[in-house]
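As the structure lists them, so they are numbered: ligands from 1, and atoms in each ligand from 1.
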Amino acid sequence: MSDILDFIKAKDPGQKEFHQAVQEVLETVQPVLDRNPEYRQSAVLQRITEPERVIMFRVPWMDDQGQVNVNRGFRIEMSCAIGPYKGGLRFHPSVNLSILKFLAFEQAFKNALTTLSMGGGKGGSDFDPKGKSDNEVMRFCQSFMTELYRHIGPDTDIPAGDIGVGAREIGYLFGMYKRLRNEFTGVLTGKSLGWGGSLIRPEATGYGSVYFASEMLATRDDNLEGKTCLVSGSGNVAQYTVEKIIELGGKATTLSDSSGYIYDEEGIDKDKLAFVKRLKNVRRGRIREYVDKYSETVYTEVDSTLDYNPLWNHKADCAFPSATQNEINEKDARNLVKNGVYLVSEGANMPSTPEAINIFLDNKLLYAPGKAANAGGVAVSGLEMAQNSMRLSWPREEVDSRLRTIMKSIHQSCLDAAADYGVPGNYMAGANIAGFVKVVNAMLDQGLV
Ligand code: NDP
Ligand code: 2IT
């Protein structure tokens, strides 16, 4: 196991996020390999850690001043063992091969857990949509799709949103794909409702993460009623996490963006959440404006000299990290435990460092890893694909009830796999093992391809 990890690190030395994601999975699936010696002969670890295909391309685009800019575009086609490549696109200046490979790697196992037939992929660009006009974003998306279109298709690879890619970007990307291919198909998910989108897709990741939390609480005869929750981020996932927490009787006290966070001791209610949605989705403003509107609340600017994030240092019961990778470090994890938090449900992908995860596990928290807790988003993407194929759309209640059933099933698969391999209650090990076994068995069934 450690030989394989050393080999991967030596081959791509700079890819620290990818190494982190791989190390976690390799460490937890060791007992699966011990029980299935044929996996070694078939070199399954070497195969699942090497993307089936990596596409990297130049994206030239013109800004509103007539200046030409160049960004880098990517699509990582990680695994199509159980279905066509599926996963989001991230537009953020930090995007690089390491981050997209970690996301694509996690996606393959996440998608396997959803019960639907989807392989794993991820893509994006180091383009920063922040501060750009709609026209600039449109020109960028059109240029990006002018290359991407030849690699994707409704039965081949189906991208969707992630950080920096929401309904606006999906619209521009879809428009260009349709023009280039002369076909109207479900090649992207997260589409708007009027032209092929699914009800509940915008809500799905946040709702799903809270449904998963409710399932974990139910194992202790508990629920979200009256629970205080810390939420990070203020984008798609964070907004619908707060919405579901409110609906289930909990109280969310924090939201953040990359500049800082707000603390609202009274709780973010429906009206305040509606303000955040307008602020973030329509005006594309900063979370600090929340305190201008609600003066009894507190805004704290990011302080890069601190070695912890003060957002995670408030009294609470539950935490829903919903911004980005490695946003909870060891010190943050200790602060969470010290403040009484006993449940962490990861809306973001890999938001906790390995040291933070160890603290959650040592302290017997109900800890749900992203590949289980945030799988509701891609699951409803799968339901969007199903509806597109049938050329019909299901009502809100139907999609929501399917989402709830899928989250329940993921929760059960994690518990079953964890118990089967002697680590009862360890959702991280359970998610990794259940996802891994499904992907690897499909690979073995299909021969050496
Ligand atoms: P959005 O772009 O809608 O929102 C992202 C939020 O996170 C913003 O508040 C953003 O702040 C903050 N953020 C992003 N990068 C950083 C950073 N480096 N440091 C601090 N804050 C940051 O994205 P989503 O809500 O869609 O995604 C959030 C997380 O959820 C990601 O980890 C994503 O991979 C994961 N996820 C998303 C799914 C989906 O369906 N959308 C599905 C499953 C997981 P700012 O505006 O200042 O950048
Ligand atoms: O990380 C994720 O699962 C997503 N960004 C959603 C992917 C999708 O295809 O809906």
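Checked against a 3.5 angstrom limit, the closest N/O atoms of G161 and ligand 1 fall outside it. Taking only nitrogen or oxygen atoms, main chain and side chain alike, K130 reaches within less than 3.5 Å of ligand 1. An N or O contact shorter than 3.5 Å is missing between K280 and ligand 1 by distance. Geometrically, ligand 1 and K122 share no nitrogen or oxygen pair separated by less than 3.5 Å. Annotation: K110 places no N or O atom under 3.5 Å from an N or O atom of ligand 1; distance criterion only. Residue N236 has at least one N or O atom closer than 3.5 Å to an N or O atom of ligand 1. Residue T205 places at least one N or O, backbone or side chain, under 3.5 Å from an N or O of ligand 1. Of the polar atoms of S259, none of the N or O atoms is found under 3.5 Å from an N or O of ligand 1, judged by distance alone. Taking distance alone, with nitrogen or oxygen atoms compared against 3.5 Å, S322 stays at or beyond that limit from ligand 1. Taking only nitrogen or oxygen atoms, main chain and side chain alike, G377 does not reach within less than 3.5 Å of ligand 1.
The side chain to side chain donor-acceptor pair (under 3.5 Å) test with S198 singles out one residue from K191, R396, Q387, and that residue is Q387.
Separation of the F184 and F174 ring centroids falls under the 6.0 Å cut-off.
Taking a 6.0 Å sphere around CZ of R168, one finds it holds more than 12 heavy atoms contributed by other residues, nucleotides or ligands. Counting non-hydrogen atoms of neighbouring residues, nucleotides and ligands closer than 6.0 angstrom, the CZ atom of R179 reaches no more than 12 such neighbours. Counting non-hydrogen atoms of neighbouring residues, nucleotides and ligands closer than 6.0 angstrom, the CD atom of E183 exceeds 12 such neighbours. Other residues, nucleotides and ligands place more than 12 heavy atoms under 6.0 Å from the NZ atom of K277. Atom CZ of R283 is surrounded by more than 12 heavy atoms from other residues, nucleotides or ligands within 6.0 Å.
For atom 5 (C) of ligand 1, the closest non-hydrogen atom of the protein is I163 CG1, 4.3 Å.
The proximity of Q325 to ligand 1, defined as any non-hydrogen pair under 4.0 Å, does not occur for either the backbone or the side chain. Counting heavy atoms closer than 4.0 Å to ligand 1, residue A160 contributes nothing at all. Only the side chain of R286 comes within 4.0 Å of ligand 1, judged by heavy-atom distances. Contacts between S94 and ligand 1 below 4.0 angstrom, taking non-hydrogen atoms only, are absent altogether.
Atom 43 (C) of ligand 1 is flagged as protein-proximal [any protein heavy atom, distance under 4.0 Å].
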What are the polar N/O contacts of ligand 2 with the protein below 3.5 Å, with distances?
{"unit_1": "ligand 2", "atom_1": "1 (O)", "unit_2": "Q107", "atom_2": "OE1", "d": "3.4"}
{"unit_1": "ligand 2", "atom_1": "1 (O)", "unit_2": "K110", "atom_2": "NZ", "d": "3.0"}
{"unit_1": "ligand 2", "atom_1": "1 (O)", "unit_2": "K122", "atom_2": "NZ", "d": "3.0"}
{"unit_1": "ligand 2", "atom_1": "1 (O)", "unit_2": "N349", "atom_2": "ND2", "d": "3.1"}
{"unit_1": "ligand 2", "atom_1": "3 (O)", "unit_2": "Q107", "atom_2": "OE1", "d": "3.4"}
{"unit_1": "ligand 2", "atom_1": "3 (O)", "unit_2": "Q107", "atom_2": "NE2", "d": "3.0"}
{"unit_1": "ligand 2", "atom_1": "3 (O)", "unit_2": "K110", "atom_2": "NZ", "d": "2.7"}
{"unit_1": "ligand 2", "atom_1": "5 (N)", "unit_2": "K122", "atom_2": "NZ", "d": "3.3"}
{"unit_1": "ligand 2", "atom_1": "5 (N)", "unit_2": "G161", "atom_2": "O", "d": "3.1"}
{"unit_1": "ligand 2", "atom_1": "5 (N)", "unit_2": "D162", "atom_2": "OD1", "d": "2.9"}
{"unit_1": "ligand 2", "atom_1": "9 (O)", "unit_2": "K86", "atom_2": "NZ", "d": "2.6"}
{"unit_1": "ligand 2", "atom_1": "10 (O)", "unit_2": "R201", "atom_2": "NH2", "d": "3.0"}
{"unit_1": "ligand 2", "atom_1": "10 (O)", "unit_2": "S381", "atom_2": "OG", "d": "2.5"}

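Compare V165, T324, I99 by their heavy atoms: the one nearest to atom 19 (N) of ligand 1 is in T324. Closest heavy-atom approach to atom 2 (O) of ligand 1 within the set G235, A373, G164: this belongs to G164.
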Show the numbers, then the answer: is there a side chain to side chain donor-acceptor pair (under 3.5 Å) between H314 and Y261?
CA-CA 12 Å; H314 291 275; Y261 82 98; 2.8 Å; yes
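Residues that satisfy the side-chain contact (heavy atoms from CB on, under 4.5 Å) test with P395, not counting sequence neighbours, are E397, E398.
Ring-plane geometry between F360 and Y367 is classed as tilted, the angle between the planes lying from 30 to 60 degrees on a 0 to 90 degree scale.
Note that K272 lies in the cation-pi zone of Y294, set by a 6.0 Å cut-off to the ring centre and a 45° limit from the axis. Taking the ring centre of F91 as origin, the terminal cationic atom of K132 falls outside the region bounded by 6.0 Å and 45° from the ring axis.
Electrostatic pairing of K244 and E247 counts as a salt bridge here, judged by a charged N lying under 4.0 Å from a carboxylate O.
In terms of modelled atom types and a separation under 3.5 Å, the side chain of K86 and the main chain of I158 share a donor-acceptor contact.
The closest approach between R201 and ligand 1 falls below 4.0 Å for a heavy atom of the residue.
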